[in-house]
Every structure is written in C-alpha cells, then in structure tokens.
Amino acid sequence: MNNIKRFFLEIAYDGTAYHGWQIQPNAISVQEILNHALHTFLREEIETIGAGRTDTGVHSKQLYVHFDSANPILVDNPYRALQAINALLPFDISVKRIIEVAEDSHARFDASERSYEYHIHSKKNPFLINKSWLLRDIPDIEKMNEAARFLLGTKDFECFSKSNTQVFTNICTIKEARWEQNGDHFVFHITADRFLRNMVRAIVGTLLEIGVKGKPISYIQEVLESKNRSKAGVSVPAHGLYLTRVIYPYIQEK
C-alpha cells in the first residue's frame, strides 16, 4: 500500500543571509536549509518544490512549497510537526502551515496569482537595514501611479525580464500595480498571474525614472513597446522586495 502523501508548507523568510530560494552550488539557499530540516525531522529524503524562486536578498512573507512524505505525523499531529520543523529552522525562516493536498497538486504550476511589494524609505532608519531601500530623493507618487496604470492587463513584458532567461512566453497579466505612501515610507504593490525573472525590480526602477528623474509618463509605454531590457530603468536593490501572497484555487487564505 502506498502511504506517500503530498503536503504544502506555507513558509516565510528574511532573505538577507541567503542566495535566494533555490538550491545552488557553493551558496546557501532557503530551499537547502528547509530540505535539511524536513529530512532531519521526518527521517526521509525530502525534495521541496516552491511556487517560484526569489533572488539573493529578496524576502518572502508567504511562499508555498510542496513535498511528498510517508510519515504519518504530518496527518496525525500537524501542530506537533509544525513546532518540530520550526525548532530545526534558523530564526529567519518559519513554517506557518502544513496542508495535506491532492497527490497531483503542484506549488509552482497551480498558483493562479502572485503578489509582491517593494519598499522604499527616504530617511535613514537603522531598523530598515536590508528590509527597505534608502532613496534620498522623494518620488512623485502621483506620476508613478499614473504611469503604473499602463502596466495593467495582459501584455508582453520582455522589456522587464532578465536577459537570456528561457521561458515559454513573456506574456503576463497584471491586475494591480500601484504605489502608496505613509510618511517617508513608499510601497509599490503589484499582482499578476506570473512574473518574469527580475521583472518587479525592473518595473520599480523604470517607474522611478518617471517619479524621481523626471521622465514623462509616456516613457513607460515606450519601454513596453520596445520589448528591450536596455530601454527600461535599472533594477532596484533586492533587499526592498517581498513576495507577499500566492493564491491557489484549493487553498483557503487565512
């Protein structure tokens, strides 16, 4: 009898100390640390698959990963399993939920929507080191929000993609792209069905060309129509970026 079941973990992490989510040679990743903790607790070889990969220094408030296991504790006592796994993880990675799912569920391919935030602050703050990007200029939020409206809908976003990435399409559907300001703190919110490599950081850099460097709002249209990464703004630093939400049709949000 096959007792192997599939589980989703909802995790969160501070990406400062890691070279991104995905396992890679000669660098410590969140996936490597999580796999080791699961292997130690479950006494099985565990391979996790994440909803996506974050780059070096990027943070995640919510990321789902899936893995298979035959250990009955995950079903019989998920609270104890959660506590035990968290005890094995470092302070900057946490598991928030363990969810049993259908055996064909997939953390990457089943995700229908993803959301990111990019954080900027304009006054020096020691408590925001590696958590938000210090930008000494005050951006024009109204201009950037007007420009961000041109990002909405289904479009080819090749101009914001890291070069030489192998993807089947550059088409994404963006349903939200907006800035908000709270005092000297600025946050860009973006939600889409999928994202290309480096896309959010390139979009933020491009909007700042308008909001800080004075380029016209029409610049965003020119960049989109060019399909050329060199026409867009520079990629902003990774440490201001957070993956904040991943949506699945069969997982209830808390």
Side-chain angles (χ1 to χ4, degrees), residues 11-22 27-30 33 52-63 89-94 96 114-151 159-162 174 176-192 195-217 219-220 223 229-246:
I11 70 170
Y13 54 85
D14 176 337
T16 304
Y18 303 101
H19 289 258
W21 155 256
Q22 192 167 353
I28 303 237
S29 69
V30 176
I33 299 297
R53 58 183 182 183
T54 54
D55 291 334
T56 300
V58 175
H59 315 294
S60 180
K61 295 180 180 180
Q62 182 186 70
L63 175 72
L89 289 169
F91 70 93
D92 49 9
I93 304 173
S94 71
K96 300 159 94 173
R114 297 166 173 85
S115 297
Y116 284 88
E117 292 176 357
Y118 193 85
H119 290 248
I120 290 173
H121 59 292
S122 59
K123 293 182 181 177
K124 188 175 181 181
N125 186 335
F127 300 104
L128 293 177
I129 294 172
N130 295 321
K131 303 295 186 296
S132 175
W133 181 35
L134 175 59
L135 181 68
R136 298 189 185 278
D137 298 297
I138 306 296
D140 187 326
I141 291 292
E142 289 187 11
K143 276 186 71 178
M144 293 196 298
N145 271 331
E146 194 170 338
R149 293 190 191 103
F150 290 102
L151 299 168
C159 59
F160 297 124
S161 175
K162 191 171 185 178
I174 294 181
E176 178 190 39
R178 63 180 177 85
W179 288 88
E180 67 175 8
Q181 179 180 359
N182 183 11
D184 64 337
H185 196 183
F186 305 85
V187 183
F188 179 60
H189 301 268
I190 186 165
T191 298
F195 287 91
L196 306 174
R197 285 288 307 277
N198 206 49
M199 180 172 161
V200 180
R201 290 163 61 195
I203 286 175
V204 172
T206 302
L207 291 173
L208 288 171
E209 290 285 320
I210 296 167
V212 172
K213 297 186 179 179
K215 289 193 176 179
I217 291 167
Y219 169 64
I220 196 81
V223 171
R229 177 65 186 90
S230 66
K231 299 290 185 183
V234 298
S235 290
V236 290
H239 62 262
L241 184 61
Y242 295 74
L243 175 61
T244 58
R245 189 178 64 162
V246 186

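Side chains included, hydrogens not; waters and symmetry mates left out as well; all remaining heavy atoms used.
A distance-only check finds no donor-acceptor pair linking the side chain of H189 to the backbone of S115 [under 3.5 Å]. Distance alone, capped at 3.5 Å, is enough to place a donor-acceptor pair between the Q62 side chain and the V246 backbone. In this structure, Q181 contributes its side chain and G183 its backbone to a donor-acceptor pair below 3.5 Å. Looking only at distances, no side-chain donor or acceptor of H59 sits under 3.5 Å from a matching main-chain atom of D14.
Within the model, atoms CG of D184 and CG of N182 stand 8.5 Å from one another, a figure rounded to the nearest 0.5 Å. Rounded to the nearest 0.5 angstrom, Y116 OH and I203 CD1 are separated by 11.0 Å. Here the CZ-CZ distance, from R114 to F195, works out to 8.5 Å after rounding to the nearest 0.5 Å. For the atom pair CD of E117 and OH of Y242, the computed distance is 8.5 Å after rounding to the nearest 0.5 Å. From N145, atom CG reaches atom CD1 of I210 across 11.0 Å, with rounding to the nearest 0.5 Å. The structure places CE of M144 at 12.0 Å from OG1 of T206, a figure rounded to the nearest 0.5 Å.
Ring geometry, W179 versus F188: the interplanar angle falls from 30° to 60°, so the pair is classed tilted.
Using a 4.5 Å heavy-atom threshold, the side chains of L241 and V204 count as separate. Here the side chains of L89 and Y13 are not in contact, with every heavy-atom distance at 4.5 Å or above. Considering only heavy atoms from C-beta on, F160 stays 4.5 Å or farther from L196 through its side chain.
Side-chain atoms of N130 and T16 include no donor-acceptor pair closer than 3.5 Å.
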Could you walk me through whether I174 and M199 pass the side-chain contact (heavy atoms from CB on, under 4.5 Å) test, one step at a time? CA-CA 12 Å; I174 294 181; M199 180 172 161; 3.8 Å; yes
Can you check side-chain contact (heavy atoms from CB on, under 4.5 Å) on I220 and L151, steps first, answer last? CA-CA 8 Å; I220 196 81; L151 299 168; 4.1 Å; yes
What do the steps show when you test Y18 against I28 for side-chain contact (heavy atoms from CB on, under 4.5 Å), and what is the final call? CA-CA 6 Å; Y18 303 101; I28 303 237; 3.8 Å; yes
I120 and V236: CA distance, side-chain angles, deciding distance, side-chain contact (heavy atoms from CB on, under 4.5 Å) verdict: CA-CA 10 Å; I120 290 173; V236 290; 5.9 Å; no
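Here the shortest heavy-atom pairing between S132 and H121 reads OG-ND1, 2.8 Å. Between R53 and R197, the shortest heavy-atom distance links the atoms NH2-NH1, 2.7 Å. Nearest approach of I33 to P90, heavy atoms of both residues: CG2-CD, 3.5 Å. Here the closest non-hydrogen pair linking H119 and H185 is ND1-NE2, 3.0 Å. When all heavy atoms of H19 and A27 are compared, the pair lying nearest together is CG-CB, 3.6 Å. Nearest approach of S122 to L134, heavy atoms of both residues: C-CD1, 3.9 Å.
For K143, there are no side-chain hydrogen bond (donor to acceptor under 3.5 Å, both in side chains) partners two or more places apart in sequence or in a different chain. Under the ring-ring contact (aromatic ring centres under 6.0 Å, His included) criterion, W21 pairs with no residue, sequence neighbours left out.
Within a 6.0 Å radius of CD in E176, other residues, nucleotides and ligands contribute more than 12 heavy atoms.
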